[in-house]
Amino acid sequence: SSSSSSSSSSSSSGSGSPKAKDDESESESSSGDDSDSSDNEGDLLGTGAMGVEGTGSLLPDLTPDPPPSADLLLAGFEKQVAVSDNNKDTSSDFADMVMAPVPVTVPQQQQQQQQMSPFPPPTPLQNASSLPAMSKSRQFLRPSIAGGLSITHRFLRNLTNTTAASAMGISVNSQVLEMTFKNEREDGGSIRRVRVLYRGSALKKTVLPMEIPTIKPGESAVARLGLDFGSPNAARDMVIKFDVKTDRGSYSADFQVPLEERLSPLTFNSEVFEKECKTLGGFQKTKLGFDVRAGLVGGVWEQCVLVANLGCVDGGTSLDSTGTAKFASTMTSPTGIERMLVKVAVNGNTGLGEITVYSDNAIACSSLAGGLKAGILDGLKEVGGNAAAESVDL
């Protein structure tokens, strides 16, 4: 079994100090094996952010966008798009692109899942209306250390991710991210020549955005990047290093795909779920508690599917009548396929809840439980204030 670490509130951390200004700018994909030791920061990366905002209720709207068009999948691949509203539909900005994506059919995806999974054949996942096509937004680089430039990112998931990876010409074992670059300078100045350079050789290939010429005060630019990890059994928990460069300086950022986004969702019934849970116990089981303000209990399910790429048992779309939700996923490691089973139960009257995670990998089990708990608490506090949720010891 493999060791994994995660944090749902932030899967990447940035730290930086101004360096000598660098005029280098690259927009080519690079292979770690082909990069030389002196100029290995030539790969540009881009990403995006998803603000979890609700307009009609305290809870975030989880209805995903329609399946992206062929043009939209190339966002940040060949062209930068400046937007002032993260919720703006940017599909029209890519109308002049002509590179069509390579389609990935449902039978192909189902065949791949059946070959890798020890469980009964799961239903092919197509980003059902109840599940988000992207993860929650996470911080990539903070403005306080990057001259006023804020970078956040979110992970594309399931069929949306596979289709985007195919359009970029990278393998199905790739992760595509959407990044948002926002100018938060307090002095009202613009930020120019924004680019992200890849430092390292761990990845088989990267697909990188073009340089962003200018981001005006208060505005944002959205782009995507593709990370190709190579074979399906390749480790995906390595730290990936980047340099972010602007006209104001150069800043280092270390990034890691969190455990929550390295999962492959499964969909099967409660009978199979309970049977699998009974085979796991002891160190293969982790239980954590939390307390939610009664009025926000309904938001627990939404936070779970935002925080982690989980499949819903019995096709559930909310907590059931007993206040319980069940999720199932697998994780690929160098030693094989590992089960990740999750049960979340909340008392609708008191708001007291518990998360139980079962896994073949004891370390991953504890990590996922901690990530889900932190994600639930942080997410509910965003919509209901700091008093909306708190941790409870069991």
Side-chain angles (χ1 to χ4, degrees), residues 11 29 45-48 50 64-78 91 94 97 99-117 119 121-136 153-179 203-209 222-237 240 257-268 305-306 308-312 327-333 337 340:
S11 64
S29 300
L45 302 173
T47 44
M50 177 182 75
D65 295 333
S69 65
D71 290 334
L72 183 56
L73 291 172
L74 297 174
F77 180 39
E78 295 182 351
S91 59
F94 301 93
M97 295 191 176
M99 182 177 177
V102 178
V104 177
T105 64
V106 170
Q108 287 175 328
Q109 186 184 40
Q110 183 179 27
Q111 181 181 21
Q112 181 187 33
Q113 286 180 325
Q114 290 176 353
Q115 291 173 346
M116 296 179 62
S117 174
F119 302 117
T123 301
L125 296 173
Q126 302 186 53
N127 296 328
S129 59
S130 60
L131 296 175
M134 298 186 192
S135 71
K136 68 180 297 183
H153 67 280
R154 52 181 178 168
F155 296 86
L156 275 64
R157 290 178 173 173
N158 307 324
L159 193 58
T160 299
N161 181 73
T162 302
T163 307
S166 296
M168 291 178 171
I170 51 182
S171 74
V172 293
N173 190 43
S174 299
Q175 178 64 63
V176 180
L177 295 88
E178 187 171 278
M179 281 178 135
L203 299 176
K204 177 182 177 181
K205 186 178 181 181
T206 55
V207 177
L208 314 165
V222 178
R224 287 183 179 178
L225 77 92
L227 307 175
D228 191 340
F229 294 91
S231 71
N233 293 327
R236 302 182 65 180
D237 59 350
I240 308 171
V257 179
L259 171 66
E260 295 91 333
E261 299 302 328
R262 301 200 302 271
L263 304 178
S264 298
L266 296 178
T267 56
F268 45 57
V305 296
L306 274 174
N309 194 13
L310 301 170
C312 302
F327 307 96
S329 295
T330 60
M331 182 179 69
T332 302
S333 72
I337 302 294
M340 303 295 292

message: On a heavy-atom basis, which atom in Thr267 and which in Cys312 lie closest, and how many Å separate them?
response: CG2-O, 4.0 Å
task: Take Arg157 and Glu261 through the side chain to side chain contact (heavy atoms under 4.5 Å, CB included) test and state the conclusion after the steps.
output: CA-CA 8 Å; Arg157 290 178 173 173; Glu261 299 302 328; 2.8 Å; yes
- request: Kindly compute the distance separating CG (Leu266) from OG1 (Thr330), expressed to the nearest 0.5 Å.
  value: 5.0 Å
message: Quick one, Val257 and Phe229 - any side-chain contact, counting heavy atoms below 4.5 Å?
response: yes
- prompt: Counting only N and O atoms by type, is there a donor-acceptor contact under 3.5 Å from the side chain of Asn161 to the main-chain atoms of Ser174?
  reply: yes
Residue pair Leu263, Leu310: steps toward the side chain to side chain contact (heavy atoms under 4.5 Å, CB included) verdict: CA-CA 7 Å; Leu263 304 178; Leu310 301 170; 3.8 Å; yes
task: Without swapping roles, check the side chain of Ser329 against the backbone of Asn309 for a donor-acceptor pair under 3.5 Å.
output: yes
message: Run the side chain to side chain contact (heavy atoms under 4.5 Å, CB included) test on Val207 and Leu225 for me, step by step, so that the C-alpha distance in whole Å, both residues' side-chain angles and the decisive distance to 0.1 Å come before the verdict.
response: CA-CA 6 Å; Val207 177; Leu225 77 92; over 6 Å; no
statement: The reported gap from CE in Met331 to CD1 in Ile337 (rounded to nearest 0.5 angstrom) is 9.5 Å
Arg236 side chain near Asn173 side chain, heavy-atom distance below 4.5 Å: yes
field: Donor-acceptor under 3.5 Å (Asp228 side chain, Ser171 main chain)
entry: yes
statement: Nearest heavy-atom approach of Phe155 to Pro258 is CZ-CD, 3.4 Å
field: CD-CD1 distance between Gln175 and Ile170, expressed to the nearest 0.5 angstrom
entry: 9.0 Å
